[in-house]
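In what follows, a structure is listed as structure tokens, so that the remarks can point back to it.
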Amino acid sequence: MGFEVRPAEPAEAARVAEAALTLDPGQGAALVARLSNPPATRTWTALAVDGGVAMVSLSDKDPGAGHLDLLAVEPPARGEGRGRALVRAAEEWLRERGAREARWAGNPPCYAWPGVDVRYTAAACLAESLGYERYHVAWNMTAGLSGDLSVEDDLARLDASGVAVRAAAGADRERVAAFVARHWNERWAWEAANATGLHYAERDGEVLAFAAWGARPSWFGPMGTAPAARGLGLGRVLLRRCLAEQRAAGQADAQIGWVGPLRFYSRAVGARAERVFWLYRRDLA
């Protein structure tokens with residue numbers, strides 16, 4: 001069965017994503033909106049067939065590698081080749097713009113998932129049937145938000161040592177983003193600047209640490225502490241402040257995305273490793 005692939009209208013992409021992303025309930029439209037507003041240096045498009053949508057992008061940091069950022073097919077429309085048609089059209093779009101490789105993997109800093117959630121098994125099967133190789137594994141942790149997230153004692157201790165912890169607003173966001181770019185990279189700086197919530201610690205006007213949430217809708221991250229300030233317990237405080245803010249926004253739990261330090265999050269808030277993602281790639285020659 002052949003399908004006509006065409007540019008996707010924003011409302012159509014949001015509607016299909018809401019219906020298709022059954023493991024991410026209520027997030028489809030927000031993900032489409034986020035992927036539709038990436039860094040200015042990114043080239044992207046949204047493609048559609050009736051009942052399906054794909055979003056694909058190229059970053060100026062690595063223009064030889066294109067990314068399939070989102071593939072969604074409504075449940076009643078599955079099993080007829082819509083996903084396959086969308087992936088092939090996405091690959092052709094990438095080839096026309098000089099990409100030599102297609103990746104079914106997150107394109108930081110603006111991404112939906114690190115890769116294919118293994119619970120979306122049909123997507124993993126499709127990737128492998130189209131010749132994509134699995135080259136990496138990533139995971140999220142889940143933090144329940146019903147427990148104790150208080151930090152009052154920590155804030156008093158930090159205040160006694162001259163450290164203030166604040167929510168970033170206005171010009172503070174630019175200052176924190178500059179700190180992130182200096183100590184880590186421009187991708188994290190973009191996420192910090194575009195996050196729903198951004199918290200930081202400073203002493204004598206110098207930013208020491210930061211934590212953000214909502215750069216990827218509903219998820220926590222990134223966060224980091226400057227080397228000279230490690231050991232003060234800033235990460236735990238900033239993490240808990242962000243999670244408390246997510247709880248106040250109506251979330252019952254929070255995804256800590258693309259996790260590195262499992263032990264830190266487990267000890268700080270009882271987070272558990274849960275979502276696993278397979279990252280795929282394929283040569284476009």
Side-chain angles (χ1 to χ4, degrees), residues 108-109 111 114 139-274:
Y111 63 95
W139 50 84
N140 282 8
M141 298 184 79
T142 302
L145 302 182
S146 61
D148 179 21
L149 295 173
S150 61
V151 293
E152 285 75 12
D153 290 346
D154 294 293
L155 291 176
R157 170 180 58 80
L158 290 170
D159 184 67
S161 65
V163 177
V165 178
R166 300 187 173 91
D172 283 343
R173 281 203 171 231
E174 297 179 10
R175 190 160 63 93
V176 174
F179 161 79
V180 176
R182 186 167 63 253
H183 285 275
W184 289 277
N185 53 63
E186 291 292 340
R187 293 176 298 177
W188 276 21
W190 186 91
E191 290 187 81
N194 288 275
T196 302
L198 177 62
H199 295 254
Y200 70 103
E202 69 174 353
R203 180 164 51 197
D204 298 329
E206 179 184 1
V207 178
L208 304 174
F210 84 104
W213 72 272
R216 190 282 188 196
S218 301
W219 286 16
F220 171 83
M223 70 173 293
T225 300
R230 291 172 187 165
L232 298 175
L234 298 177
R236 178 180 179 275
V237 172
L238 293 168
L239 167 64
R240 286 182 163 225
R241 280 173 63 103
C242 284
L243 295 185
E245 205 167 69
Q246 290 180 262
R247 179 170 63 190
Q251 294 183 220
D253 55 51
Q255 289 286 299
I256 304 171
W258 225 322
V259 172
L262 288 169
R263 187 166 180 265
F264 165 74
Y265 291 111
S266 177
R267 295 184 66 181
V269 292
R272 61 191 184 275
E274 193 168 59

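Keep in mind that the numbers below use all heavy atoms, side chains included, and drop hydrogens, waters and symmetry copies. Predicted model, so just to flag it, every value in this text is computed and none were measured.
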Could you tell me if the side chain of [Y] sits less than 4.5 Å from the side chain of [X], heavy atoms only?
{"X": "Glu202", "Y": "Arg175", "value": "yes"}
{"X": "Pro109", "Y": "Asn185", "value": "no"}
{"X": "Met223", "Y": "Phe264", "value": "yes"}
{"X": "Leu158", "Y": "Leu234", "value": "yes"}

Out of curiosity, [X] [atom1] to [Y] [atom2], how far, rounded to the nearest 0.5 Å?
{"X": "His183", "Y": "Thr225", "atom1": "NE2", "atom2": "OG1", "value": "10.5 Å"}
{"X": "Ile256", "Y": "Thr142", "atom1": "CD1", "atom2": "OG1", "value": "8.0 Å"}
{"X": "Phe220", "Y": "Leu243", "atom1": "CZ", "atom2": "CG", "value": "6.0 Å"}
{"X": "Trp184", "Y": "Phe210", "atom1": "CH2", "atom2": "CZ", "value": "5.5 Å"}
{"X": "Asn194", "Y": "Arg216", "atom1": "CG", "atom2": "CZ", "value": "15.0 Å"}
{"X": "Arg166", "Y": "His199", "atom1": "CZ", "atom2": "NE2", "value": "13.0 Å"}

Worksheet item: Going by an N to O cut-off under 4.0 Å, is there a salt bridge joining Asp154 and Arg236?
Response: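 Yes, Asp154 and Arg236 are salt-bridged.
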Taking all non-hydrogen atoms of both residues into account, name the closest pair between [X] and [Y] and its distance.
{"X": "Glu191", "Y": "Ala215", "result": "O-CB, 3.5 Å"}
{"X": "Leu198", "Y": "Ala192", "result": "CD2-O, 3.5 Å"}
{"X": "Phe179", "Y": "Ala209", "result": "CZ-N, 3.8 Å"}
{"X": "Leu238", "Y": "Ala211", "result": "CB-CB, 3.6 Å"}

Quick one: does any side-chain atom of [X] pair with a main-chain N or O of [Y] as donor and acceptor, under 3.5 Å?
{"X": "Gln251", "Y": "Ser218", "value": "yes"}
{"X": "Arg173", "Y": "Ala195", "value": "yes"}
{"X": "Asp253", "Y": "Ala143", "value": "no"}
{"X": "Arg247", "Y": "Gly147", "value": "yes"}
{"X": "Arg240", "Y": "Val269", "value": "no"}
{"X": "Arg241", "Y": "Tyr200", "value": "no"}

Tell me, yes or no, whether the heavy-atom count around [X] atom [atom1], taken from other residues, nucleotides or ligands under 6.0 Å, exceeds 12.
{"X": "Asp153", "atom1": "CG", "value": "no"}
{"X": "Arg267", "atom1": "CZ", "value": "no"}
{"X": "Glu206", "atom1": "CD", "value": "no"}

